[in-house]
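Worksheet: the structure to be examined is printed underneath.
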Amino acid sequence: MKTEPSAALPERGEPPTIPAVAGGPAPRIRACLVVLGGEQFAIDVRRLREVMVVGKPTAVPGAPSFVRGVANLRGEVLALLDIAAVLGLPACRVGPSSKALVLEPASSQVAIVVDDVVGLETFDEFRSHDDAASTTHAFGVGWLEREGRLLTLLDVPQIVETLRIRAREAATCRA
C-alpha cells in the first residue's frame, strides 16, 4: 500500500472500483476502513462525504430497526442507518461518541453508523469476486489485501437500496 496524491485518484461520480482493463494498469483504490460487528471492512471513499460524531441521536418512533435515529449535521437532518444486520453482524453501538459515515451524494441525507473508523488507505490491488477468496459477503464488490488479510470492499449504495426496499415492504405490511 502506497500513499498517492489525491489528484491521481479517480474522481467522484466514476463507477465503483472495477478491475483494470486488460493490459492497463490496475486501478488504485482509496478506501475508508471501518469496523462493523468486530470485522473490518473497506468502503470506497468516492461513496463518502465525511465522518461525523453522532452526538445524541433522536429516536424515530415506528422506524425499522436498522434506522437508529436521526442526527443533525450543521443543520442537515441525516437518517442514521445500521447496515450490520444486512451483513449478518451484531448491531452497531450508537451513542454520543459513536461515528457515522455521511454518504455521497449529499442529497441522500443518510449516514451509516460504524463501531469504529480505522482510517484511510490507498490500495494498489483489487480482487473481484471472480478471484478465489476464502470468505465473501453478499454486499461486497470484491476484496482488498491489507497486512496479509482480505478486506471486503462493501457496495454501500446497494446496501442502502436494500434497506430502503425493506423499509417500503415493512410499511406496506403495516398498512
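Hydrogens, waters and symmetry mates are skipped; everything else that's a heavy atom, side chains included, is used. As the structure is a prediction and not an experimental result, all values here were calculated from the model.
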Gap between atom [atom2] of [Y] and atom [atom1] of [X] - 0.5 Å precision:
| X | Y | atom1 | atom2 | result |
| --- | --- | --- | --- | --- |
| Leu36 | Ile83 | CG | CD1 | 5.0 Å |
| Leu48 | Ile112 | CG | CD1 | 7.0 Å |
| Glu161 | Asp155 | CD | CG | 11.0 Å |
| Leu144 | Gln40 | CG | CD | 11.0 Å |
| Leu33 | Ile43 | CG | CD1 | 9.0 Å |

Inset, instruction - Mind running side-chain contact (heavy atoms from CB on, under 4.5 Å) on Ile159 and Arg164 for me, showing each step along the way? - result: CA-CA 9 Å; Ile159 294 170; Arg164 285 186 175 136; over 6 Å; no
Legend entry - Residues that Ala111 engages under side chain to side chain contact (heavy atoms under 4.5 Å, CB included), provided they are two or more places apart: Met52, Leu78, Leu80, Ala100, Val102
Legend entry - For Pro105, side chain to side chain contact (heavy atoms under 4.5 Å, CB included) partners two or more places apart: Ser107
Under 4.5 Å between side-chain heavy atoms, hopping through other hydrophobics if needed: is there a path connecting [X] to [Y]?
| X | Y | answer |
| --- | --- | --- |
| Val70 | Val94 | no |
| Val51 | Leu73 | no |
| Val113 | Val118 | no |

Legend entry - Residue pairs fulfilling side chain to side chain donor-acceptor pair (under 3.5 Å) with at least one residue in residues 84-99, sequence neighbours excluded: none
Inset, instruction - Provide the full list of side chain to side chain donor-acceptor pair (under 3.5 Å) pairs with a residue in residues 79-91, sequence neighbours left out, each pair given once. - result: Arg68-Asp82
Legend entry - salt bridge (charged side-chain N to carboxylate O under 4.0 Å, His left out) against Arg149, all qualifying residues, sequence neighbours excluded: none
Legend entry - Which residues share a salt bridge (charged side-chain N to carboxylate O under 4.0 Å, His left out) with Arg166, sequence neighbours left out: none
Which pair of heavy atoms, one from [X] and one from [Y], lies closest together, and at what distance?
| X | Y | answer |
| --- | --- | --- |
| Ala91 | Ala84 | CA-CB, 4.3 Å |
| Phe66 | Leu163 | CZ-O, 3.2 Å |
| Phe126 | Val141 | CZ-O, 3.2 Å |

Inset, instruction - Consider only side-chain N and O atoms of Thr122 and Arg28, and report whether a donor and an acceptor are under 3.5 Å apart. - result: no
Are [X] and [Y] close enough that some pair of their side-chain heavy atoms sits under 4.5 Å apart?
| X | Y | value |
| --- | --- | --- |
| Leu89 | Glu39 | yes |
| Phe123 | Arg146 | yes |
| Leu101 | Val34 | yes |

Legend entry - Short N-O contact, Glu121 and Arg30, less than 4.0 angstrom: no
Inset, instruction - Before accepting this row, confirm whether a basic side-chain N of the pair Glu104/Arg46 lies closer than 4.0 Å to the acidic partner's carboxylate O. - result: no
Inset, instruction - Sequence neighbours left out, what passes side-chain hydrogen bond (donor to acceptor under 3.5 Å, both in side chains) with Glu50? Give chain and number order. - result: Arg74
Inset, instruction - Check the pair Val77, Gln109 against side-chain contact (heavy atoms from CB on, under 4.5 Å), reporting the backbone distance first and the verdict last. - result: CA-CA 7 Å; Val77 177; Gln109 295 181 300; 5.8 Å; no
Inset, instruction - Decide yes or no on side-chain contact (heavy atoms from CB on, under 4.5 Å) for Val45 and Leu120, but give the supporting numbers first. - result: CA-CA 8 Å; Val45 296; Leu120 297 173; 3.6 Å; yes
Inset, instruction - Only one of Val156, Leu87, Thr152, Leu153 passes side chain to side chain contact (heavy atoms under 4.5 Å, CB included) with Phe139; say which it is. - result: Leu87
Per-pair distances, 0.1 Å, donor-acceptor, side chain in residues 53-62, under 3.5 Å, sequence neighbours excluded:
none

Inset, instruction - Please answer whether the main-chain N or O of Arg47 pairs with a side-chain N or O of Asp44 as donor and acceptor at a distance below 3.5 Å. - result: no
